[in-house]
Amino acid sequence: MYRSKRKGRNTYEIFTPEMGDVVMKRVEIDNKLRHALEDGDFYLKYQALMDSQTQSIIGAEALIRWDDEELGEVSPEEFVPLAEESGLIVEIGDWVLDTALANVKKWREQTEHKDFYIAINLSSRQFRGKDIIKNISDVLKKHELPGSCLELEITERLLMKDVPHVVYLLEQFKDMGIRLSIDDFGTGYSSLSYLKRFPFDVLKIDKSFISGIGEDLDDSALCEAIIAMAHSLGLSIIGEGVENKEQFEFLDQRGVETIQGYYISEPMVDEEFMKFIAISEWIETTV
Ligand code: C2E
Ligand code: CA
Ligand code: CA
């Protein structure tokens, strides 16, 4: 049903026996997701965002994890789309925001990183929910944090419908001091007009292009073109999925401001991440 709905009205799907297993797995995950929030089975990992010039850690992206008793660790690539279809992503998203901001508050207080910020992935269902502005503003107030501690990552897909309303919402976020970044740039429709029409601050080059740097001439050329274009539009850039020195140097030499990927750090749980910031602080001040 969800698949037909996604394709639009007046469509139907032929149900084949082969689809049975897939459907069962989805129904199982769907049921479990409903209980996972109450049971506390979600947790967050944080992946460092490094300033390529100063090499200091300036923020982190919050990445959700789900550890189910029977299924084990389920990848967000598998469960986030399901939670989005059922609408549960709205509650899950609220939990992510609240949990991540509580940690940012702690890190700002307990480390030297007073401007530390967190990047959160916003799903389209969440974004289109009626209370998104109030929700975010309430959570910021609850943790006594300014909007500048938050960066919202939005994918191109979210921008396609109802442009005036989307622009209105994005402008409200901006007024709150929140930064806006366009995630997975290059994988979707990547229309240049998006970049002009919407008030983005940051562009994230998708890791599928970064992984080709040094190996695939087209990918290197694409990265180069995206960087030049983003900069000429006044956007700051995050290179994500940076795994080695060559990719880092390529991006750094072309003025990419922020680096994220296994080369800097893997996503880590709260306490581990706090230690990581402390160590990087120590290196910064002593080396
Ligand atoms: P994304 O937003 O593009 O997140 C980046 C993904 O790349 C993460 O996968 C991260 O673990 C992975 N990654 C980071 N560095 C490297 C690297 O150097 N190499 C490679 N190959 N991969 C790297 P993850 O954590 O499995 O998340 C997958 C997707 O799930 C995310 O993609 C995002 O779309 C979604 N997601 C994760 N957390 C949330 C959330 O809280 N809310 C929503 N709505 N979606 C989320
Ligand atoms: Ca992201
Ligand atoms: Ca991404």
Side-chain angles (χ1 to χ4, degrees), residues 45-63 104 107 111-121 148-156 179-188 190 192 194-195 200-268 272-287:
K45 283 202 170 179
Y46 301 89
Q47 190 177 31
L49 297 164
M50 188 187 82
D51 181 315
S52 53
Q53 287 239 298
T54 62
Q55 308 219 338
S56 67
I57 306 302
I58 50 175
E61 178 176 359
L63 294 159
V104 172
W107 294 329
T111 71
E112 289 310 307
H113 292 242
K114 303 302 174 204
D115 296 324
F116 195 88
Y117 72 92
I118 192 86
I120 303 268
N121 293 285
S148 57
C149 74
L150 191 58
E151 192 163 291
L152 296 177
E153 298 196 356
I154 292 166
T155 55
E156 292 160 82
R179 272 186 315 280
L180 301 172
S181 89
I182 182 154
D183 201 0
D184 303 339
F185 189 82
T187 57
S190 305
L192 291 181
Y194 287 150
L195 298 180
F200 285 104
D201 305 281
V202 181
L203 179 149
K204 292 189 85 164
I205 307 180
D206 190 66
K207 57 179 179 297
S208 58
F209 301 113
I210 308 273
S211 67
I213 291 175
E215 285 174 17
D216 181 317
L217 284 178
D218 287 345
D219 281 343
S220 306
L222 271 166
C223 282
E224 204 146 26
I226 294 173
I227 294 166
M229 178 200 66
H231 277 157
S232 69
L233 288 167
L235 295 165
S236 149
I237 303 168
I238 301 180
E240 78 171 355
V242 176
E243 291 183 352
N244 58 47
K245 191 162 181 253
E246 187 176 7
Q247 294 163 354
F248 169 72
E249 283 174 353
F250 181 97
L251 298 169
D252 184 36
Q253 280 158 13
R254 285 158 185 81
V256 168
E257 290 83 355
T258 312
I259 303 292
Q260 176 183 9
Y262 299 159
Y263 184 58
I264 313 301
S265 87
E266 300 214 350
M268 291 177 268
E272 220 184 335
F273 188 74
M274 178 114 163
K275 278 187 211 146
F276 176 77
I277 324 183
I279 292 170
S280 62
E281 237 168 45
W282 179 81
I283 293 173
E284 252 174 69
T285 48
T286 48
V287 179

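Atoms considered below: every heavy atom in the structure, side chains included; atoms not considered: hydrogens, waters and symmetry mates.
- With sequence neighbours left out, the side chain to side chain contact (heavy atoms under 4.5 Å, CB included) criterion links Glu246 to Asn244.
- Between Asp183 and Glu240 the shortest side-chain heavy-atom distance falls below 4.5 Å.
- A salt bridge between Glu61 and Lys204 is present, with a side-chain N of the basic residue lying under 4.0 Å from a carboxylate O of the acidic one.
- Put simply, the side chain of Gln53 never gets that close to the backbone of Glu257: no donor and acceptor are under 3.5 Å apart.
- Note on ring orientation: taking the six-membered ring where Trp is involved, the planes of Trp107 and Tyr46 are perpendicular (angle over 60°, cut-offs 30° and 60°).
- Counting heavy atoms from C-beta outward, Val202 and Leu235 have side chains that stay 4.5 Å or more apart.
- Expressed to the nearest 0.5 Å, how far NZ of Lys275 lies from OG1 of Thr111 amounts to 15.0 Å.
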Task: Residue pair Ile205, Phe185: steps toward the side-chain contact (heavy atoms from CB on, under 4.5 Å) verdict - done: CA-CA 5 Å; Ile205 307 180; Phe185 189 82; 5.8 Å; no
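- The CD1 atom of Ile120 lies 9.5 Å from the CG atom of Leu63; values are rounded to the nearest 0.5 Å.
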TODO: Start with the C-alpha gap between Ile182 and Leu195, add the side-chain angles, then the distance that decides, and say whether side-chain contact (heavy atoms from CB on, under 4.5 Å) holds.
DONE: CA-CA 9 Å; Ile182 182 154; Leu195 298 180; 4.2 Å; yes
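- In this structure, CD1 on Ile154 lies 7.5 Å from OG on Ser181, to the nearest 0.5 angstrom.
- The distance from atom CG of Asp201 to atom OG of Ser236, rounded to the nearest 0.5 Å, is 8.0 Å.
- Counting only residues at least two apart or in different chains, ring-ring contact (aromatic ring centres under 6.0 Å, His included) contacts with residues 212-251 comprise Phe248-Tyr263.
- For the atom pair CD (Glu224) and CG (Leu251), the distance works out to 10.0 Å, reported to the nearest 0.5 Å.
- Side-chain atoms of Thr258 do not come within 3.5 Å of backbone N or O of Asp51 as any donor-acceptor pair.
- Within the 3.5 Å criterion, the main-chain N or O of Asp219 finds a donor-acceptor partner in the side chain of Asp216.
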TODO: Take Tyr262 and Gln47 through the test side-chain contact (heavy atoms from CB on, under 4.5 Å) and record every step on the way to the result.
DONE: CA-CA 9 Å; Tyr262 299 159; Gln47 190 177 31; 3.9 Å; yes
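- Considering CD1 of Ile259 and CD1 of Ile237, their distance stands at 10.0 Å, rounded to 0.5 Å.
- The shortest non-hydrogen separation linking Ser220 to Gly214 is OG-N, 3.4 Å.
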TODO: Begin with the C-alpha distance, continue with both residues' side-chain angles, and end with the deciding distance and a verdict on side-chain contact (heavy atoms from CB on, under 4.5 Å) for Val104 and Tyr117.
DONE: CA-CA 7 Å; Val104 172; Tyr117 72 92; over 6 Å; no
